[in-house]
Visitor: 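Take a look at the following structure, please.
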Amino acid sequence: MTQDARDQEQPSSDHSGENQAGSTRPDTADQSEIGGNEDLAAAFLRDTEVVEEAVEDGKKVRRKGIYLLPNLFTTSALFSGFFAVVAGINGDFTAAAVAIFIAMVLDGLDGRVARMTNTESAFGAEYDSLADMISFGMAPALVAFTWILQDIGKTGWVVAFLYVACAALRLARFNVQIGSVDKKWFIGLPSPSAAALVAASVWTFHSFDADAFGFKLLMLVVVAAAGVLMVSNIRYYSFKDLDFKKPVPFVVLLAVVLGFVMISVEPSVMLLLLFGTYVLSGPVLAVMRKAKPKS
């Protein structure tokens, strides 16, 4: 082969090499980019993972992740509480009150589901407490304020804030007293029952177009009393010692059916009477215990 032929062939081979190298560069870059994305995703999952210490079989273990099922109920209760706030702002007070009652039902289910499925955790307990603060602390106070308490002026929002503050204090005290008090009793009015009383009052009085000044004062007293009772030392029956697995007389089931029928006839009024009775049961029993002679 002559020198000219070799000179003509050399650039061609160099150019071919450049093409080959150029053709491999995008693949290498794509692989590097994919690997980088995978590393970023793995780092995000690692940095946001929930790790908590738990005692299992008498030993401390570190557990990663959260239990989905009970936290779904808690999230649903939180959504209901937030919806109640939005509905109250939009002036739909019936929907707001119903949403608070739905949150109350869901809040009662998440703990029972966790115990039944053995999925209790410290994360779930804290999450439930924060959701309760929205659903049973902020939501009832804001709904009551946007409906009628704002017409009273400064006193109205002060009383609404008093309720919110008492709900926060009630939940904080409940969290630190777990395991140190008799499960048969609640110390202070439970926040779901206080929220139910306020929501039922708003639902009932709003349905009857009760806008007179006397109803404004009544709602002021109801909201303030519910807040104070939450942080009081008055005992309320918790119903936690009821065993639903044991057989009961037929008349009990009949009474439950009649209760549902009565509630369905006039839900707002019947729920107000039901939770109003429960709220009054604490002070009444406390007075009866004080008046009972010591043996």
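By convention here, the first residue in the shown sequence is residue 1. Computation of the quantities below employed the complete heavy-atom set of this structure, encompassing side-chain atoms and omitting hydrogens, waters and symmetry-equivalent molecules.
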Visitor: Under a 3.5 Å distance rule, please check whether Y67 uses its side chain to pair with a backbone N or O of S121 as donor and acceptor.
Guide: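 No, because the side chain of Y67 does not come within donor-acceptor range (under 3.5 Å) of the backbone of S121.
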Visitor: Please give me the minimum heavy-atom distance between Y163 and S191, naming the atom from each residue.
Guide: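 So the two residues come closest at OH-O, 4.2 Å.
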Visitor: Roughly how far, to the nearest 0.5 Å, is CE of M219 from CG of L149?
Guide: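 The CE atom of M219 is 5.5 Å from CG of L149, to the nearest 0.5 Å.
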Visitor: Minimum heavy-atom separation for M230 and R170, please, with both atom names.
Guide: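 Nearest pair, atom of M230 first, then R170: O-CD, 2.8 Å.
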Visitor: When you measure from the side chain of R173 to the backbone N and O of I187, does any donor-acceptor pair fall under 3.5 Å?
Guide: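 Between the backbone of I187 and the side chain of R173 there is a qualifying donor-acceptor contact (under 3.5 Å).
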Visitor: If you compare all heavy atoms of A144 against all heavy atoms of V223, which two are closest, and at what distance to 0.1 Å?
Guide: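 Closest approach of A144 to V223: CB-CG2, 4.0 Å.
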Visitor: Could you walk me through whether L197 and L272 pass the side chain to side chain contact (heavy atoms under 4.5 Å, CB included) check?
Guide: CA-CA 6 Å; L197 176 66; L272 178 58; 4.0 Å; yes
Visitor: Count the heavy atoms belonging to other residues, nucleotides or ligands that lie under 6.0 Å from OH of Y278, then report whether that count exceeds 12.
Guide: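 Yes, because the 6.0 Å sphere around OH of Y278 holds more than 12 heavy atoms from other groups.
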Visitor: Enter the distance from T204:OG1 to L271:CG here, rounded to the nearest 0.5 Å.
Guide: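 Between T204 OG1 and L271 CG, I get 8.0 Å after rounding to 0.5 Å.
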Visitor: Hey, mind stepping through Y236 and V279 against side chain to side chain contact (heavy atoms under 4.5 Å, CB included) and telling me if it holds?
Guide: CA-CA 8 Å; Y236 283 87; V279 170; 4.3 Å; yes
Visitor: P283 versus L229: any side-chain heavy-atom pair under 4.5 Å?
Guide: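 Yes; the side chains approach each other to less than 4.5 Å.
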Visitor: I152, V143: one ILVMFWY side-chain cluster at the under-4.5 Å cut-off?
Guide: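 Shared cluster, yes.
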Visitor: How long is the straight-line distance from CD1 of I102 back to CG of D107, given to the nearest 0.5 Å?
Guide: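 D107 CG to I102 CD1: 13.5 Å, rounded to 0.5 Å.
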Visitor: Tell me the closest heavy-atom pair linking P140 and A195, and the distance in Å.
Guide: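 So the minimum-distance heavy-atom pair works out to CG-CB, 3.4 Å.
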Visitor: Find out if a path of hydrophobic residues (ILVMFWY) with successive side-chain heavy-atom gaps under 4.5 Å connects F101 to L106.
Guide: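 Hydrophobic grouping puts F101 with L106.
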Visitor: Rounded to the nearest 0.5 Å, how far apart are CD of Q150 and OG1 of T146?
Guide: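 Going from CD on Q150 over to OG1 on T146, the span is 6.5 Å.
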Visitor: As an exercise, state the distance from CH2 of W185 to CZ of F239, rounded to the nearest 0.5 Å.
Guide: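 CZ of F239 is found 9.5 Å from CH2 of W185.
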Visitor: What heavy-atom pair brings A226 and V198 nearest, and what distance separates the two atoms?
Guide: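 Scanning both residues, the minimum pair turns out to be CB-CG2, 4.3 Å.
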Visitor: Does anything in residues 68-87 form a side chain to side chain donor-acceptor pair (under 3.5 Å)? List the pairs, not counting sequence neighbours.
Guide: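 Counting only pairs at least two positions apart or across chains, the side chain to side chain donor-acceptor pair (under 3.5 Å) contacts touching residues 68-87 are T74-D110, T75-Y127.
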Visitor: Does S193 use its side chain to pair, donor to acceptor, with the backbone of L189 at less than 3.5 Å?
Guide: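 Checked: no pair found.
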Visitor: Could you tell me whether the side chain of F136 reaches within less than 4.5 Å of the side chain of L171, counting heavy atoms only?
Guide: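 Side chain of L171 against side chain of F136, heavy atoms only: no contact under 4.5 Å found.
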Visitor: Please check if F161 and V231 belong to a single hydrophobic cluster, counting links between Ile, Leu, Val, Met, Phe, Trp and Tyr side chain heavy atoms closer than 4.5 Å.
Guide: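 No; tracing contacts between hydrophobic side chains, which count when under 4.5 Å, never links both residues.
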Visitor: Relative to each other, are the rings of H206 and F93 parallel, tilted or perpendicular (30° and 60° limits)?
Guide: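 If you compare the ring of H206 with that of F93, the planes turn out perpendicular.
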Visitor: What about V164 and L162, same hydrophobic cluster or not, with Ile/Leu/Val/Met/Phe/Trp/Tyr joined at side-chain heavy-atom distances under 4.5 Å?
Guide: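 Each belongs to a different hydrophobic cluster.
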Visitor: Look at the rings of F205 and W147 and say which category their plane angle falls in: under 30° parallel, 30 to 60° tilted, over 60° perpendicular.
Guide: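 Taking W147 first and then F205, their aromatic rings lie parallel (interplane angle under 30°).
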Visitor: More than 12 foreign heavy atoms under 6.0 Å from CE of M133: is that the case here?
Guide: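 Above 12, so yes.
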Visitor: Are any side-chain N or O atoms of R235 and backbone N or O atoms of G188, one a donor and one an acceptor, separated by less than 3.5 Å?
Guide: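 Checked: no pair found.
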Visitor: How long is the span from the CG atom in L217 to the OG1 atom in T155, to the nearest 0.5 Å?
Guide: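 So the CG of L217 and the OG1 of T155 are separated by 9.5 Å.
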Visitor: Could you work out, with side-chain contact (heavy atoms from CB on, under 4.5 Å) as the rule, every residue matching L273, not counting sequence neighbours?
Guide: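 Counting only residues at least two positions away or on another chain, L273 forms a side-chain contact (heavy atoms from CB on, under 4.5 Å) with V269, M270.
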Visitor: For the pair S129 (side chain) and E126 (backbone), establish whether a donor and an acceptor sit closer than 3.5 Å, ignoring hydrogens and angles.
Guide: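 No, S129 side chain to E126 backbone: no donor-acceptor pair under 3.5 Å.
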Visitor: Hydrophobic cluster membership, with links at side-chain heavy-atom distances under 4.5 Å among I/L/V/M/F/W/Y: are L285 and L280 in one?
Guide: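 No, L285 does not connect to L280 through the hydrophobic network.
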Visitor: State, to 0.1 Å, how close L220 and G156 come at their nearest heavy-atom pair, and which atoms those are.
Guide: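 Taking every non-hydrogen atom into account, CD1-CA, 4.2 Å.
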Visitor: Could you go step by step and tell me if Y237 and S281 meet the side chain to side chain contact (heavy atoms under 4.5 Å, CB included) rule?
Guide: CA-CA 9 Å; Y237 186 53; S281 68; over 6 Å; no
Visitor: Would you confirm whether the ring centroid of F213 sits within less than 6.0 angstrom of the ring centroid of F215?
Guide: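 Here the rings of F213 and F215 have centres that are no less than 6.0 Å from each other.
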Visitor: Answer yes or no: is there a donor N or O on one side and an acceptor on the other, between the side chain of S135 and the main chain of D132, under 3.5 Å?
Guide: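 Not a single qualifying donor-acceptor pair exists.
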